[in-house]
Student: 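This is the structure I want to talk about, given as C-alpha cells.
What you see below is based on every heavy atom in this structure, not just the backbone, and it leaves out hydrogens, waters and symmetry mates.
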Amino acid sequence: MAFQISDQLRSFGLAILLGLAAGVVYDLLRTVRLRFPSFTGVLDLLYCLTAGGALSLFVLRQADGQFRGFILLGGLGGGVLFFSLLSRPLRPVWDFWMDRWMELFQFLSLPGRFCAAVC
C-alpha cells in the first residue's frame, strides 16, 4: 500500500502534536517531581511507558506499523517546540494548580487525620 505525500504531511503534523502532548505531560510531571523528589524514578518510568506506548500506537495507526524518520522527527520537533515556546510561560500555571491540588488533598484528608489523632 502506497504512502502518499498528503498522508505523510498529515502524519508529520500529527506527530508534531504528539510531541507537544508529550512535552505537556513531561512538564506536568516535572511539577510533581519538584514537590516530591522521592517519586522521580516512578514518574520517569511512567512517562517513558506512556510516551513510548503513545508513539508505538501512533506509528501502528498512522504509518501501518513502519517507523518512519519524519514521524520521529515530527515528535521530537513538537517536544522541542513546546519546551522552546510554551514551557516557561506555563510553569506558573502548573505550580498554581499543583498548589490547589495539594490544598484539596489536605482538606480531604482532614477526617482521616482527625480520626488518627483521636485514636
Side-chain angles (χ1 to χ4, degrees):
M1 181 169 168
F3 203 50
Q4 301 297 326
I5 298 293
S6 60
D7 293 335
Q8 291 177 0
L9 187 60
R10 183 175 49 83
S11 295
F12 182 70
L14 290 173
I16 290 174
L17 291 177
L18 180 66
L20 285 169
V24 168
V25 170
Y26 187 81
D27 221 21
L28 286 170
L29 289 177
R30 178 172 36 184
T31 57
V32 176
R33 276 196 323 255
L34 290 175
R35 306 274 172 137
F36 306 106
S38 60
F39 292 134
T40 299
V42 174
L43 291 175
D44 285 347
L45 179 65
L46 177 69
Y47 175 77
C48 287
L49 290 174
T50 303
L55 180 65
S56 297
L57 289 174
F58 182 81
V59 166
L60 281 173
R61 182 145 174 94
Q62 290 296 319
D64 296 328
Q66 297 178 358
F67 277 103
R68 302 199 179 252
F70 67 88
I71 290 178
L72 297 176
L73 195 63
L76 180 66
V80 168
L81 183 68
F82 174 79
F83 285 109
S84 298
L85 298 177
L86 300 173
S87 179
R88 182 164 290 164
L90 287 176
R91 200 167 298 153
V93 174
W94 306 144
D95 289 336
F96 171 79
W97 284 110
M98 185 65 182
D99 290 340
R100 300 301 78 82
W101 277 106
M102 292 304 297
E103 290 171 0
L104 179 65
F105 177 74
Q106 287 176 351
F107 178 72
L108 292 177
S109 67
L110 275 174
R113 286 188 288 164
F114 178 73
C115 289
V118 169
C119 292

Student: For Y47, check side chain to side chain donor-acceptor pair (under 3.5 Å) against everything at least two apart and list the hits.
Tutor: none
Student: In terms of hydrophobic clustering (I, L, V, M, F, W, Y; side-chain heavy atoms under 4.5 Å; direct or indirect links), are I71 and L60 co-clustered?
Tutor: no
Student: Supply the atom-to-atom distance S109 OG to L104 CG, rounded to the nearest 0.5 angstrom.
Tutor: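 Separation between the atoms: 9.5 Å.
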Student: With sequence neighbours excluded, tell me which residues meet side chain to side chain donor-acceptor pair (under 3.5 Å) with Q106.
Tutor: none
Student: State which residues pass side chain to side chain contact (heavy atoms under 4.5 Å, CB included) with M98; sequence neighbours excluded, sorted by chain then number.
Tutor: V32, R35, F36, M102
Student: Taking all atoms of both residues into account, what is the closest heavy-atom pair of T50 and L46, and its distance?
Tutor: OG1-O, 2.7 Å
Student: Starting at CG of L76, measure out to CG of L18 and round the result to the nearest 0.5 Å.
Tutor: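 So the gap between those two atoms works out to 11.5 Å.
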Student: Is it true that L73 and L17 fall in one hydrophobic cluster, defined by side-chain heavy atoms closer than 4.5 Å?
Tutor: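 Result: no, two separate clusters.
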Student: Does V25 share a hydrophobic cluster with V42, counting links as ILVMFWY side-chain heavy atoms below 4.5 Å and allowing steps through other members?
Tutor: no
Student: What about L110 and W101, same hydrophobic cluster or not, with Ile/Leu/Val/Met/Phe/Trp/Tyr joined at side-chain heavy-atom distances under 4.5 Å?
Tutor: yes
Student: Please test S11 against R68 for side chain to side chain donor-acceptor pair (under 3.5 Å), starting from the C-alpha separation and ending with a verdict.
Tutor: CA-CA 10 Å; S11 295; R68 302 199 179 252; over 6 Å; no
Student: Is the closest side-chain heavy-atom distance between T31 and W97 below 4.5 Å?
Tutor: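 Heavy-atom side-chain distance check fails, nothing below 4.5 Å.
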Student: Would you please name every residue forming a salt bridge (charged side-chain N to carboxylate O under 4.0 Å, His left out) with R100, sequence neighbours left out?
Tutor: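 Checked R100 against salt bridge (charged side-chain N to carboxylate O under 4.0 Å, His left out); matches are E103.
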Student: To check you understand the geometry: which heavy-atom pair defines the closest contact between R30 and F83, and what is its length?
Tutor: NH2-CE2, 3.9 Å
Student: First locate atom CG of L14, then atom CG of L9, and finally report the distance between them rounded to the nearest 0.5 Å.
Tutor: 10.0 Å
Student: Tell me whether I16 is reachable from V80 by hopping between hydrophobic residues (I, L, V, M, F, W, Y) whose side-chain heavy atoms are closer than 4.5 Å.
Tutor: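 The answer is no; the residues belong to distinct hydrophobic clusters.
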Student: More than 12 heavy atoms of other residues, nucleotides or ligands under 6.0 Å from OH of Y26: yes or no?
Tutor: no
Student: Hey, what do you get for CG (L86) to CG (L20), rounding to the nearest 0.5 Å?
Tutor: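 L86 atom CG to L20 atom CG measures 7.0 Å (nearest 0.5 Å).
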Student: Atom CZ of residue position R61 - does it have more than 12 heavy atoms of other residues, nucleotides or ligands inside 6.0 Å?
Tutor: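 Open: at most 12 neighbouring heavy atoms sit under 6.0 Å from CZ of R61.
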Student: For R10, what residues pass the salt bridge (charged side-chain N to carboxylate O under 4.0 Å, His left out) criterion, not counting sequence neighbours?
Tutor: D7
Student: Please round to the nearest 0.5 Å and tell me the distance separating atom CG of L108 and atom CZ of R113.
Tutor: 10.5 Å
Student: As a quick check of understanding, evaluate side-chain contact (heavy atoms from CB on, under 4.5 Å) for L55 and L72, giving each step before the final call.
Tutor: CA-CA 9 Å; L55 180 65; L72 297 176; 3.7 Å; yes
Student: What salt bridge (charged side-chain N to carboxylate O under 4.0 Å, His left out) pairs are there with at least one residue in residues 39-51, not counting sequence neighbours?
Tutor: R33-D44
Student: Any chance you could measure F39, atom CZ, to L29, atom CG, to the nearest 0.5 Å?
Tutor: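 F39 CZ to L29 CG: 12.5 Å, rounded to 0.5 Å.
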